[in-house]
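Heavy atoms only: backbone and side chains are in, while hydrogens, waters and symmetry mates are out.
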Amino acid sequence: QVQLVESGGGLVQAGGSLRLSCAASGRTFSSYAMGWFRQAPGKEREFVAAITWSGITTYYADSVKGRFTISRGNAKNTSYLQMNSLKPEDTAVYYCAARYGTLRVRELEYDSWGQGTQVTVSS
């Protein structure tokens, strides 16, 4: 497992942007696929985006496709989620997650999680 710490959340107006970061500790970060999930109040946690260990392949939930971009910097042991054109319905606690091996979209297939960072989008 790796240890993950998210940062970059905050309050932003609709149409604005935020970039979330996920710092990982551990020597084999480059072997892990990374995912971002979110949980809105009263709702279940849902998949947002994921990226392979190489950074070549990405996958997005339909609700964020074209607005969010996931990336990673293996030299810095960091994953990023660039969020543009934010909407009030993007308001949630955002979690990064890691799994050894290939990209997956189900949260049960990730075994390392950060503590979450709050993103609030005002209308």
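Proximity of Asn84 to Phe68: side-chain heavy atoms (C-beta onward) are nowhere separated by under 4.5 Å. Contact annotation: the side chain of Thr69 never approaches that of Leu81 to less than 4.5 Å [non-hydrogen atoms, C-beta and beyond]. Looking at Cys22 and Met34, their side chains come closer than 4.5 Å, going by heavy atoms from C-beta outward. The side-chain heavy atoms of Leu18 and Leu86, taken from C-beta on, include a pair separated by under 4.5 Å. Under the 4.5 Å side-chain criterion, counting only non-hydrogen atoms from C-beta, Gln118 is in contact with Thr91.
Taking Lys43 as the reference, nothing meets the salt bridge (charged side-chain N to carboxylate O under 4.0 Å, His left out) condition, with sequence neighbours excluded. Residues meeting the salt bridge (charged side-chain N to carboxylate O under 4.0 Å, His left out) test with Arg104, sequence neighbours left out: Glu109. Legend: residues meeting side-chain contact (heavy atoms from CB on, under 4.5 Å) with Trp113, ordered by chain and number and at least two apart, are Phe37, Arg45, Tyr95, Ala97, Glu107, Tyr110.
The side-chain tip of Arg19 points at the ring of Tyr80 from less than 6.0 angstrom away and within 45° of straight on.
Contact check on Asp62 versus Lys65 returns a salt bridge, with a Lys/Arg side-chain nitrogen under 4.0 Å from an Asp/Glu carboxylate oxygen.
Trp53 belongs to no hydrophobic cluster with other residues, because no ILVMFWY side-chain heavy atom falls under 4.5 Å from its own, directly or through intermediates.
Minimum heavy-atom separation, Met83 to Leu20: CE-CG, 3.7 Å. Taking all atoms of both residues into account, the shortest heavy-atom contact from Arg72 to Ala33 is NH1-CA, 4.1 Å. When every heavy atom of Val64 is checked against every heavy atom of Arg38, the shortest pair comes out as CG1-NH1, 4.0 Å.
Between the side chain of Tyr59 and the backbone N or O of Val48, no donor-acceptor pair lies under 3.5 Å. Between the Thr52 side chain and the Thr57 main chain, a donor and an acceptor come within less than 3.5 Å of each other.
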### Task
Please test Gln82 against Ser71 for side chain to side chain contact (heavy atoms under 4.5 Å, CB included), starting from the C-alpha separation and ending with a verdict.
CA-CA 8 Å; Gln82 177 67 43; Ser71 61; over 6 Å; no

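With hydrophobic clusters built from ILVMFWY side chains whose heavy atoms lie under 4.5 angstrom apart, Ile51 does not share a cluster with Phe47.
If you take OH on Tyr32 and OG1 on Thr102, they are separated by 13.5 Å, rounding to the nearest 0.5 Å.
Pairs of residues two or more places apart, or lying in two chains, never qualify as disulfide bond (SG atoms under 2.5 Å apart) while including a residue from residues 35-94.
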Which atom pairs, donor and acceptor, lie under 3.5 Å between side-chain atoms of residues 2-15 and protein residues at least two apart or in another chain?
unit_1	atom_1	unit_2	atom_2	d
Gln3	OE1	Ser25	OG	3.0
Glu6	OE1	Gln115	N	3.0
Glu6	OE1	Gln115	NE2	3.4
Glu6	OE1	Gly116	N	2.8
Glu6	OE2	Cys96	N	2.8
Glu6	OE2	Gly116	N	3.2

